[in-house]
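A short write-up of the structure that comes next.
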Amino acid sequence: MNRCTRAIIYKDNLKYNLEQIKKYVNPDVKICVAVKADSYGHNAVLTSMLAENLGIEFLAVATIDEAIELRNNGIKTNILLLSLCTPIEMEDLFIYNITPLVFGREFIEILSKTADRYFKNDEKFNVHLAVDTGMGRIGCYPEEAKEQAVLINNSKHLKLGGMITHFAVSDSLKKENQDFTKTQYENFKKAVESVKEEGISPGICSCGASAALLNNTDMHFDMVRPGIITYGYYPDEITKEHLLSVHKDFDIKPVLSFETKVVAIRHFPKGKSISYGRTYVCEKDTDVAILPVGYADGLLRRFSPGLEVTINGKNYPVRGRICMDQCMVEIGKDNKDVHLWDKAIIFGPKECGALNTADDLAKLGNTISYEVLTSISKRVEKIIN
């Protein structure tokens with residue numbers, strides 16, 4: 001691909017972030033790096049290779065196909081499937097050695113029967129029991145954990161290899177949300193203890209993603225699951241500044257830059273409107289740079305007004321509505337610092353010359369950096385630097 005709109009993945013920054021996570025977590029705590037959604041748009045195969053080389057024990061995906069892609073690219077590390085699969089996909093769990101989350105009698109029984117057809121001896125296949133302690137998504141309730149652990153271990157070919165829950169508001173510093181996180185943690189501990197009391201090993205217990213990994217080090221259990229911090233962004237209110245205020249030092253670098261080039265510079269007289277809906281009318285004679293990037297690339301329509309784009313070390317405002325394939329940037333009349341074919345950076349790490357981060361765009365769009373990063377579409381080539 002020769003298109004000038006592209007994303008650059010800074011491999012050294014990605015490795016740096018993984019190393020920072022390893023330093024931060026106690027050596028006896030395992031790490032499960034979230035590489036779902038193509039590593040939040042950062043190349044899942046690359047992330048997985050770096051994680052594997054660093055001795056990280058687990059990778060987490062959202063779909064069977066994501067896991068198969070990793071296996072087909074030589075990844076040997078344990079893979080945890082965070083979303084539920086359907087019966088037609090279950091045999092692939094065994095073929096590609098993917099550890100699923102399970103809960104519910106019907107689901108466990110169907111998986112058990114599928115395992116019976118696949119395995120011909122006394123092999124046991126690890127599954128992780130999902131427990132809903134307050135996320136309100138998938139999982140059994142804590143009081144059901146013991147019964148479902150028994151159901152798993154009574155299966156001929158399934159074995160309880162772990163227990164997992166997910167915090168709903170651990171990225172918030174509000175007292176009521178921190179209290180809710182503590183309640184979730186205590187309920188998860190009770191679920192784990194109930195399984196132990198039944199004489200069943202709960203396996204690898206895990207509850208903390210990026211926010212709790214950083215802010216609730218007493219909740220690490222056996223394994224933590226870093227996601228957004230792997231790719232250089234802090235989870236909501238658990239910022240670098242907050243961590244330093246509580247004497248925790250954790251440094252990460254954005255990994256991905258989103259960039260394009262100036263393909264035209266046009267003069268716009270005072271009173272001329274720009275883009276659909278005529279939402280912006282030039283207040284004076286000015287020049288406008290045309291950029292071949294739009295919402296079909298992941299530059300969401302709601303980022304304007306407010307979005308600024310970096311060209312040669314200075315930010316310039318996007319004017320009018322962002323189109324599907326293009327946007328318009330006001331550069332001022334007779335600007336000697338902006339030329340045809342100059343690089344225009346939407347966001348990225350400092351190394352690429354960006355003055356914006358994915359967090360900056362997230363604030364404009366009333367969203368989170370996760371959505372900004374994963375919205376970059378397939379037609380945007382990802383280049384590893």
For [Y], does its backbone N or O pair with a side-chain atom of [X] as donor and acceptor, under 3.5 Å?
X: Asn177; Y: Ser172; answer: no
X: Asn73; Y: Glu69; answer: yes
X: Ser369; Y: Asp359; answer: no
X: Ser112; Y: Ile108; answer: no
X: Asp342; Y: Ile311; answer: no
X: Arg302; Y: Gly365; answer: yes
X: Asp38; Y: Ala44; answer: yes
X: Gln184; Y: Ala168; answer: yes
X: Lys382; Y: Gly41; answer: yes
X: Gln326; Y: Gly294; answer: no

Can you give me the closest heavy-atom contact between [X] and [Y], atom names plus distance?
X: Leu213; Y: His220; result: O-NE2, 2.8 Å
X: Ala145; Y: Met163; result: CB-CE, 4.1 Å
X: Gly320; Y: Tyr280; result: N-CB, 3.6 Å
X: Phe347; Y: Leu361; result: CD2-CD2, 3.8 Å
X: Phe103; Y: Ala130; result: CB-O, 3.8 Å
X: Ser377; Y: Ala296; result: OG-O, 2.7 Å

Under 3.5 Å, side-chain donor or acceptor atoms of residues 75-95 against the rest of the protein: list the pairs with distances, not counting sequence neighbours.
{"from": "Thr77", "atom 1": "OG1", "to": "Glu52", "atom 2": "OE2", "distance (Å)": "2.7"}
{"from": "Asn78", "atom 1": "ND2", "to": "Glu57", "atom 2": "O", "distance (Å)": "3.1"}
{"from": "Ser83", "atom 1": "OG", "to": "Ala62", "atom 2": "O", "distance (Å)": "3.4"}
{"from": "Thr86", "atom 1": "OG1", "to": "Glu89", "atom 2": "OE1", "distance (Å)": "3.2"}
{"from": "Glu89", "atom 1": "OE1", "to": "Thr86", "atom 2": "N", "distance (Å)": "2.9"}

Please walk me through it: do Glu259 and Ile8 pass side chain to side chain contact (heavy atoms under 4.5 Å, CB included)?
CA-CA 8 Å; Glu259 61 185 52; Ile8 311 295; 3.9 Å; yes
[X] [atom1]: over 12 foreign heavy atoms closer than 6.0 Å:
X: Asn366; atom1: CG; result: no
X: Arg266; atom1: CZ; result: no
X: Arg379; atom1: CZ; result: yes
X: Lys240; atom1: NZ; result: yes
X: Lys248; atom1: NZ; result: yes
X: Glu106; atom1: CD; result: no
X: Asn121; atom1: CG; result: yes

Same hydrophobic cluster for [X] and [Y], using side-chain heavy-atom links shorter than 4.5 Å among ILVMFWY?
X: Leu299; Y: Leu364; result: yes
X: Val329; Y: Ile265; result: yes
X: Leu111; Y: Ile68; result: yes
X: Ile238; Y: Val169; result: no

Walk me through whether Val288 and Ile290 qualify under side chain to side chain contact (heavy atoms under 4.5 Å, CB included).
CA-CA 6 Å; Val288 173; Ile290 314 300; 4.0 Å; yes
Starting from the C-alpha separation in whole Å, work towards a yes-or-no answer on side chain to side chain contact (heavy atoms under 4.5 Å, CB included) for Val35 and Thr230.
CA-CA 9 Å; Val35 297; Thr230 306; over 6 Å; no
Would you check if [X] and [Y] make a side-chain contact, meaning some heavy-atom pair closer than 4.5 Å?
X: Tyr96; Y: Asn72; result: yes
X: Leu256; Y: Tyr40; result: no
X: Lys196; Y: Pro202; result: yes
X: Tyr10; Y: Ile384; result: no
X: Asp132; Y: Ile138; result: no
X: Lys22; Y: Ile56; result: yes
X: Asn356; Y: Ile346; result: no
X: Leu214; Y: His242; result: no

Give me the ring orientation class for Phe119 and Phe125: parallel if the planes are under 30° apart, tilted from 30 to 60°, perpendicular past 60°.
tilted
In terms of ring plane angle, is the pair Phe250 and Tyr24 parallel, tilted or perpendicular, where the classes change at 30° and 60°?
perpendicular
Between [X] and [Y], is any side-chain donor less than 3.5 angstrom from a side-chain acceptor?
X: Thr357; Y: Tyr233; answer: no
X: Asp251; Y: Tyr16; answer: yes
X: Asn385; Y: Glu351; answer: no
X: Asn335; Y: Tyr316; answer: yes

Quick one: are the ring centres of Phe180 and Phe167 less than 6.0 Å apart?
no
Taking [X] first and then [Y], would you say they form a salt bridge - that is, a charged N and a carboxylate O separated by under 4.0 Å?
X: Lys175; Y: Asp179; value: yes
X: Asp249; Y: Lys23; value: no
X: Glu147; Y: Arg105; value: yes

Just grab all the salt bridge (charged side-chain N to carboxylate O under 4.0 Å, His left out) pairs involving residues 116-129, residues at least two apart or on different chains.
none
Could you tell me the separation between the CG atom of Asp287 and the NE2 atom of His267, rounded to the nearest 0.5 Å?
6.5 Å
Calculate, to the nearest 0.5 Å, the distance between atoms NZ and CG belonging to Lys253 and Leu14 respectively.
12.0 Å
Report the C-alpha separation of Tyr185 and Phe221 in whole Å, then their side-chain angles, then the decisive distance to 0.1 Å, and conclude whether the side chain to side chain contact (heavy atoms under 4.5 Å, CB included) test is met.
CA-CA 10 Å; Tyr185 176 69; Phe221 249 114; 3.7 Å; yes
When Leu355, Ile345, Val309 are each screened for side chain to side chain contact (heavy atoms under 4.5 Å, CB included) with Asn315, the one that passes is Leu355
